[in-house]
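One structure is given below, encoded as structure tokens.
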Amino acid sequence: MELSKTFDPKAAEQRWYGRWLELGYFTADPARPGPVFSMVIPPYNVTGALHLGSALNVTLQDIVVRARRMQGYNTLWVPGTDHAGIATQNVVEREIGKEGTNRHDLGRTAFEKRVWEWKELYGGRILEQLRRLGASADWTREHFTMDADLSRAVLKVFVDLHREGLIYRDRRLINWCPRCETALSDLEVEHKDSDGSLYFIRYPFKQESGHVTVATTRPETMLGDTAVAVHPADERYAHLHGKLLDLPLIHRQIRTIFDDAVDREFGTGAVKITPAHDFNDFEIGRRHKLDEISVMDTRAHMNAEAGPFKGMSREACRRAVVDALKSEELLEKIEPHRHAVGVCSRCDTVIEPMISTQWFMRMKPLAEKAIAAVRDGRTTFHPKFWENTYFNWLENIHDWCISRQLWWGHRIPAYHCERCANLMVAIERPAKCEKCEGRDLVQEEDVLDTWFSSALWPFSTMGWPEETRDLALYYRPNERKQYEGTQYEGTTLLVTAFDIIFFWVARMMMIGLKVTKQVPFRDVYITPLVRDKYGKKMTKSRGNVVDPLELMDKYGTDAVRFTLAQLTVQGRDLVLSDERLTASRAFANKIWNAARFVLMNLEGAAQPIPRPAQDKLSLADRWILSRLDEAIAKTRETLDSYEFNNVALTLYQFIWHEYCDWYIELAKEPLRASGAQRDSTRWVLVHCFDQMLRLLHPLMPFVSEELWQALRPYFDEPKLADHLVVAEFPVANGGEWLSQKERDAMDHCREATEAINSLRSLLGYHPGQRMKAALRRPRSLELALEEFPSWMGYVMTLAKLESFQYTPSAATEFLVRSCGWAEICLEKPAGFDSERTAAKLSKDLDEVTKFVTQHEARLNDDGFKAKADAETQRLVAEKYVALRAEQEKLREQLEQLTAG
RNA sequence: GGGCGGUUAGCUCAGCGGUAGAGCAUCGGUCUUACACACCGAGGGUCGCAGGUUCGAUCCCUGCACCGCCCACCA
């Protein structure tokens, strides 16, 4: 098979993904043997496009699931999408807005139909992009949060929790977005600092002259004031007891009240109370049984309660109120004031706290169980410090407002009786009112928060509430073979970003525990955040999003995946750079070319190449095989602990710097020979390649499959899979490829190389590429010495190649001789700066001498002798000896240099 | 106001109780029968600051500074 000179990622990507799908490699089969590995993808917003965060997320999941599949696990990876209530509704509303209409004109049914149409058209786009990334998810089990079966699960959970009193309806102050015209949960409100003003307003006494001055950032809400509060211990205001005030502009009579919640230091120490438009005031209001007067409508325009200001927007009203107060000389002063303003996370509109009847979920009892599950280790976060964040939020949790005044979502299964106003909650619409038997039942208009259905995702996608085979095996795996013998519950792994720990992870934990009586996942891997080059979070609204598809076009999917893995260190944000991507692309190409080399040298080789007997393997063969074993062990280890950067690093180092740089070079000579020597080298080359590609496959699925297929005819594995994607993951063979003597020799070789390097730098001569040229020449010192320029490279080569055969002392002798010859034979090359070299040497010498003295002192120190244990003393002594040797060497070199 | 993470080479980042590492960039040298997306080599760092623990600290502890993030009803 001919391979092109460079790797073409597109061809490989197109060739293999479709094949894998056709052959059903990603489809889970509950009947399969083996331990279970299951995972659900964080459902993507149907409005979403692939961004780097999701590319990272999917890449990491795919790496794990591919590795587990190769390791023989029964794997399931469920993909799917989320209906994304507000986001999707907004998109479609914008679309029909362009057509000159709106959802109210269209009506609920027609609008819902429009959204479904939109979803069918565009909702699958993100999943298409996941396939492009190589995601090996089970597409036969793709789900959408509003699928019929998932919707049923939603209704069942709602009804069950309502019956238990965990879901209830209440009228209270909630976050309201006047643009989306819906209630929001606390989490959907973002707090942004904004430069505002603090207005000091005089509230006159009702029955006598005089006034109290209050400070507020929102003068327009004074129209809804029902009291002025001061701290009970504030002597400045002791005289306010029982006083009534005349609310300016509106002339409503309001009370003065005393409450600990008032901060005496802030403003004037007196605060106006607007229970219907401020969370603090609402609490105080309920404590003092104040009226709750809402002065705005659902679009945050002033309503009839605002009297003359009716119909104004809140902004216009603020200006009008300030003007009116000024003209009545009730505005004392205005100070600049910076404070946090809550805005809608979807549309950035300033949130208005509003009194409203909504549905809530009681969180405290659920949160306690969710905390306990992580505390006792049934679920573990990686990195662990995220557990603090999780605990912190759950410990201070408030009830969750789950109803939304939207049309796109799961409509709340509650029915109002038109006749007696009775409210019934049931999965199916009741035939008649259970109280008055009336037949006019109207379903609740509100839908549920999108995150409600997401919270059920790990088990609703498995078929819950039906006891399906999937649910039994992949969600309750303890019933079958255990994951590495460990008892655990739920799916095996969840990979997600930290910004939805509260929105999603914590809620899945709470509801999963409540509904299925077990945790929904064992491990939670929190991915780092992908940031732009300025370290900013990439968000659509910031417009700083890098499109992963463009990166894949430019560098190839494998390179993008490899780069993301390489940069993924637990607990640290990830800044993507072109340099890294370029390096990864070069890596793919390097492997490609190594394969070309191997194939080129397989001409006429047997298919398969028979495995040579152990004693036919050369030292170089056994060396690379032993290194391969170490690479396998390390890859498995780092994969298990989710150290993605180290997985990538291990493979990069082994493939590039050991297999390519050394073994391929060493193989060139035996390959030129014929017979047994060539055959065993061929086998080692191919065997290593096979194993390397398997290790690499989870990270770089396309290039690895492509090359594996090309080399496959030569593999000697007896039961070979048809595709790498389902081939067995390597296991270190554990055999001692090298004898102890050889290990020692290799260590010595390393030292020898260092010695030669320092000799070379002493001479200031850089032989460069000639080392490799020397490889091709007869290995004879005499010949090498004839040609001065090649000499140094030759020494290096010999040292590396031949010191394997030398005993350490012989190798030393060889080196010493070489150095001596260098003295005799070599003239100092042009450009050699002896002064500079001498300076460097003496600097090194000084430094080493410093350490020698230090160690000497330490060894002679009585305190050290007394305190340090034997092992430590031995270590320090050893170090001292080494340092002395180093010192001696440097001194000699320096002498030689100055003498010459 | 709480909490979390970071500060290591020009850049992006690993690492670690025993005289500092990678990739890229820089500089010098290589057309060598896989690869110039390559090869060989060089330069470059008081590991944010100050204390403490230790025979020994870049690493552990305390404090500080700066950067970033999350949470929080101070009007």
Side-chain angles (χ1 to χ4, degrees), chain A residues 3 5-7 191 198 214-218 221 229 261-263 265-268 270-274 278-283 337 339-340 342 353 383 385-386 388-389 392-393 396 498-499 501-502 529 531 533 535-537 559 566-567 569 571-580 582-601 645-646 649 652-653 660-661 664-665 668 672 757 760-761 764-773 775-776 793 796 831 847-848 850-851 854-855 857-859 861 863-868 872-873 875-876 879 883 886:
Chain A
L3 297 184
K5 203 171 173 184
T6 52
F7 171 53
H191 294 275
L198 195 57
V214 298
T216 179
T217 54
R218 300 197 57 199
T221 62
V262 178
D263 180 355
E265 308 300 318
F266 189 87
T268 61
V271 57
K272 65 189 219 39
I273 300 296
T274 323
D278 183 282
F279 285 96
N280 245 331
D281 295 1
F282 178 78
E283 295 295 326
H337 182 66
H339 63 130
F385 65 75
W386 285 114
N388 290 332
T389 309
N392 201 17
W393 186 68
N396 300 302
F498 74 83
D499 52 352
I501 289 180
F502 305 147
L529 197 66
R531 297 182 175 277
K533 58 185 165 180
K536 290 278 180 218
K537 196 170 156 180
Q566 189 184 30
L567 295 174
V569 177
R572 188 147 166 165
D573 293 343
L574 176 164
V575 178
L576 198 64
S577 66
D578 282 339
E579 288 79 21
R580 287 280 181 165
T582 306
S584 299
R585 182 178 56 190
F587 181 48
N589 192 54
K590 182 79 184 176
I591 300 163
W592 182 263
N593 274 293
R596 278 184 70 213
F597 172 82
V598 171
L599 279 169
M600 201 177 282
N601 281 287
N645 63 322
N646 286 328
L649 188 68
Y652 187 93
Q653 286 293 337
C660 292
D661 282 358
I664 284 187
E665 294 304 331
K668 282 177 177 171
R672 266 194 299 274
N757 277 337
R760 197 177 36 207
S761 84
Y765 175 64
H766 311 297
Q769 186 58 23
R770 293 181 200 280
M771 181 200 86
K772 286 207 172 175
L775 269 165
R776 298 190 306 275
M796 269 194 75
E847 208 155 296
V848 171
K850 197 180 87 193
F851 283 109
Q854 217 176 69
H855 279 71
R858 218 176 277 165
L859 287 167
D861 180 46
F864 175 65
K865 282 183 198 160
K867 284 187 202 164
T872 311
Q873 298 212 17
L875 271 174
V876 174
K879 194 79 206 170
L883 281 167
E886 174 90 23

Considering Watson-Crick and G-U wobble pairs with both distances under 3.5 Å, what does [N] pair with?
| N | result |
| --- | --- |
| B/C66 | B/G6 |
| B/C59 | none |
| B/U30 | B/A38 |
| B/U19 | none |
| B/G43 | none |
| B/G1 | B/C71 |

Whole-Å [atom1] distance, [N] and [M]:
| N | M | atom1 | answer |
| --- | --- | --- | --- |
| B/G48 | B/A14 | P | 14 Å |
| B/C16 | B/C59 | P | 13 Å |
| B/G17 | B/C61 | P | 12 Å |
| B/A38 | B/C24 | P | 7 Å |
| B/G43 | B/G10 | P | 15 Å |
| B/G1 | B/A57 | C1' | 34 Å |
| B/G56 | B/U19 | C1' | 11 Å |
| B/U26 | B/G63 | C1' | 40 Å |

- Message: Could you go through A/Thr389 and A/Phe498, starting from their C-alpha distance and side-chain angles, then the distance that decides it, and tell me whether this counts as side chain to side chain contact (heavy atoms under 4.5 Å, CB included)?
- Response: CA-CA 9 Å; A/Thr389 309; A/Phe498 74 83; over 6 Å; no
Walking RNA chain B from its 5' end, the first of A/Thr268 and A/Tyr652 to be reached, judged by nearest nucleotide, is A/Tyr652
On RNA chain B, more 5' by nearest nucleotide between A/Asp263 and A/Thr6 is A/Thr6
For [X] and [N], what is the distance between atoms [atom1] and [atom2] respectively, to the nearest whole Å?
| X | N | atom1 | atom2 | value |
| --- | --- | --- | --- | --- |
| A/Asp278 | B/A72 | CG | P | 15 Å |
| A/Asn645 | B/G21 | CG | P | 18 Å |
| A/Arg585 | B/C24 | CZ | P | 13 Å |
| A/Ile501 | B/C71 | CD1 | P | 11 Å |
| A/Lys668 | B/U33 | NZ | C1' | 8 Å |
| A/Asn601 | B/C35 | CG | P | 12 Å |
| A/Arg580 | B/A22 | CZ | P | 12 Å |
| A/Asn280 | B/A72 | CG | P | 14 Å |

So, do [X] and [Y] sit near enough that their side-chain heavy atoms are less than 4.5 Å apart?
| X | Y | value |
| --- | --- | --- |
| A/His337 | A/Thr217 | yes |
| A/Lys272 | A/Thr216 | yes |
| A/Trp592 | A/Thr6 | no |
| A/Phe502 | A/Asn392 | no |
| A/Leu529 | A/Leu574 | no |

Any base atoms under 4.0 Å from [X], or only sugar-phosphate, or nothing? Heavy atoms, all strands.
| X | value |
| --- | --- |
| A/Phe502 | sugar-phosphate |
| A/Val262 | base |
| A/Ala594 | base |
| A/Asn392 | nothing |
| A/Ile664 | base |
| A/Thr217 | sugar-phosphate |
| A/Thr216 | sugar-phosphate |

Of the nucleotides [options], which has the atom closest to the [X] side chain?
| X | options | result |
| --- | --- | --- |
| A/Glu579 | B/C24, B/A34, B/A75 | B/C24 |
| A/Phe279 | B/C37, B/C73, B/A34 | B/C73 |
| A/Val569 | B/A34, B/C73, B/A14 | B/A14 |
| A/His191 | B/A34, B/A72, B/C74 | B/A72 |

Next item on the list: Please check if the side chain of A/Asp281 supplies one atom and the backbone of A/Thr274 the other of a donor-acceptor pair under 3.5 Å.
Entry: yes
Just by modelled atom types, is the A/Arg596 backbone N or O under 3.5 Å from a matching donor or acceptor in the A/Asn593 side chain? no
- Message: Less than 4.0 angstrom between a side-chain N/O of A/Lys5 and OP1 or OP2 of B/C37, yes or no?
- Response: no
Considering only heavy atoms and no angle criterion, is a donor-acceptor pair shorter than 3.5 Å present between the side chain of A/Lys590 and the base of B/C35? yes
